[in-house]
Amino acid sequence: MPGAPSWLQTGFVKAMRELGVTDDALLRKEADKLLQMWQSSGREFHTTSHLIRLLTCLDHFTNTSQRPAVLTVAAWYHGVITQSQTRAKNTTNYENYPASSDFALDRLLHLGAQKENTIRVGELILMLEGRQPPTDDLDACVFVDAAISYLGASPQDYRSYCQLMRAEMAAMDQLRYARLRRSLISKLLARDTIFHSPLGSGNESAARQNLEGEYAKLSALIPGEPTGKEKTASRTKNKPKNSDADTSEIVVIKAAPNRTVSRQSILTPEDKTTSTKIPVVKLSATERKALEERAAQLQAENAASATENGLSSMENVADQFSTLTMRKIDLSKIERRAAQSMDETEDEESLPQPEEEEVEETMYSSADDEDSLTEI
């Protein structure tokens with residue numbers, strides 16, 4: 001192919017052999033056809049130079065890839081179909097990766113490549129459509145990192161790349177291009193890491209600086225968008241005080257006010273007389289007269305009988321009468337003690353009751369808490 005180094009075709013033929021295609025003449029024709037597509041009109045950035053840069057980067061990553069031949073073939077096919085050929089309008093990628101993936105599947109199966117390898121080539125091409133490769137898929141990480149390695153170029157080279165990409169998208173309105181391109185850059189910067197392979201990670205810092213600089217320039221083209229230091233200050237000002245991870249709610253409950261509880265006796269004056277700890281038993285005059293008459297009767301009966309039983313009965317009556325007399329004396333003492341005890345009890349009730357006070361305080365506090373929560 002005129003204008004392309006000879007080693008390009010040689011490398012393509014060698015890689016295709018490992019995918020199961022052995023017809024060298026057929027493979028050289030396929031390489032020439034692909035190079036014509038890479039050099040088609042309208043391309044400014046995604047040209048043969050872009051293909052050579054990607055293949056060279058993959059050569060540096062060969063030691064870390066598991067199937068370098070599959071990566072080489074995927075690089076040849078990844079950008080052969082452009083937006084202008086499929087009229088895609090919702091992206092600033094001049095290359096149409098889904099269309100290029102379908103084209104690669106069709107051509108590789110037609111050439112006789114193994115089906116497993118063909119499917120793998122299509123998967124790798126689709127990885128370039130803004131998807132993050134699985135971290136456990138080393139070849140996918142290597143392929144994606146090599147394809148976007150230009151992001152970590154020097155500031156001068158990166159500026160040239162940006163100008164060439166804008167030239168490819170000249171048919172798109174400037175404001176629309178700025179918004180779509182800035183959206184893509186925003187997604188890249190939001191990633192924890194832009195590069196995922198061991199060798200690609202060395203471009204991380206330079207790539208972020210280039211992308212942040214382009215983001216600021218694109219924002220300047222969008223009306224009403226803060227730029228530069230103003231944008232940074234705006235983000236800092238609007239940043240919430242609490243971190244995003246902190247989603248807890250704080251509920252403030254009012255403290256219960258101190259309450260003074262006055263305790264009043266629930267006993268009436270009449271009840272206080274009978275509310276002593278020892279009950280007072282009174283002997284009426286009728287009961288006393290009945291006992292005295294009974295004692296006289298028994299005494300008369302026993303006087304007529306000199307038997308031992310009669311004497312014993314008389315002694316029992318005497319004992320009962322004596323007991324009754326003593327009981328009266330004891331009851332008088334009990335009445336005095338009960339009255340004294342009642343006075344002491346009233347004094348105790350007038351004193352503060354700490355234990356019951358705490359119970360009532362707790363009860364009032366709970367009620368206040370419920371009122372406070374209802375207000376909130």
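Along the sequence shown, residues carry numbers from 1.
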Sequence neighbours left out, cut at 3.5 Å: what donor-acceptor pairs do the side chains of residues 112-119 make with other protein atoms?
residue	atom	partner	partner atom	Å
Gln114	OE1	Asn117	ND2	2.9
Asn117	OD1	Arg67	NH2	2.0
Thr118	OG1	Gln114	O	2.9

Between the side chain of [X] and the main-chain N/O of [Y], is any donor-acceptor distance below 3.5 Å?
{"X": "Thr47", "Y": "Arg43", "answer": "no"}
{"X": "Arg28", "Y": "Phe12", "answer": "no"}
{"X": "Ser186", "Y": "Ser183", "answer": "no"}
{"X": "Glu168", "Y": "Glu44", "answer": "yes"}
{"X": "Asn210", "Y": "Ala206", "answer": "yes"}
{"X": "Ser101", "Y": "Gly122", "answer": "yes"}
{"X": "Ser201", "Y": "Pro198", "answer": "yes"}

Atom CG in Leu211, atom CG in Leu151: separation rounded to 0.5 Å? 5.0 Å
How many angstroms lie between OG in Ser40 and NE2 in His46, if you round to the nearest 0.5 Å? 12.0 Å
Determine which pairs satisfy ring pair (Phe, Tyr, Trp, His ring centres under 6.0 Å) with at least one residue from residues 113-160, sequence neighbours left out, and list them in order. Phe45-Tyr150, Tyr150-Tyr161
Write out all pairs satisfying ring pair (Phe, Tyr, Trp, His ring centres under 6.0 Å) with one or both partners inside residues 176-198, taking only residues at least two apart or from two chains. none
Can you tell me which residue pairs pass the side chain to side chain donor-acceptor pair (under 3.5 Å) test with a partner in residues 50-60, sequence neighbours excluded? His50-Arg53
Going by side chain to side chain donor-acceptor pair (under 3.5 Å), name the residues that satisfy it together with Ser65, two or more places apart in sequence or in a different chain. none
Sort out for me which residue in Glu214, Arg182, Arg179 forms a side-chain hydrogen bond (donor to acceptor under 3.5 Å, both in side chains) with Ser219. Arg182
Show, in sequence, the C-alpha distance, side-chain angles and deciding distance for Glu212 and Arg208, and conclude whether the salt bridge (Lys or Arg N to Asp or Glu O under 4.0 Å) test is met. CA-CA 6 Å; Glu212 289 172 357; Arg208 287 193 176 274; 5.6 Å; no
Report, one line per pair, each donor and acceptor closer than 3.5 Å where one atom sits in a side chain of residues 104-111; sequence neighbours left out.
residue	atom	partner	partner atom	Å
Arg107	NE	Glu30	OE1	3.3
Arg107	NE	Glu30	OE2	3.2
Arg107	NH2	Glu30	OE1	2.6

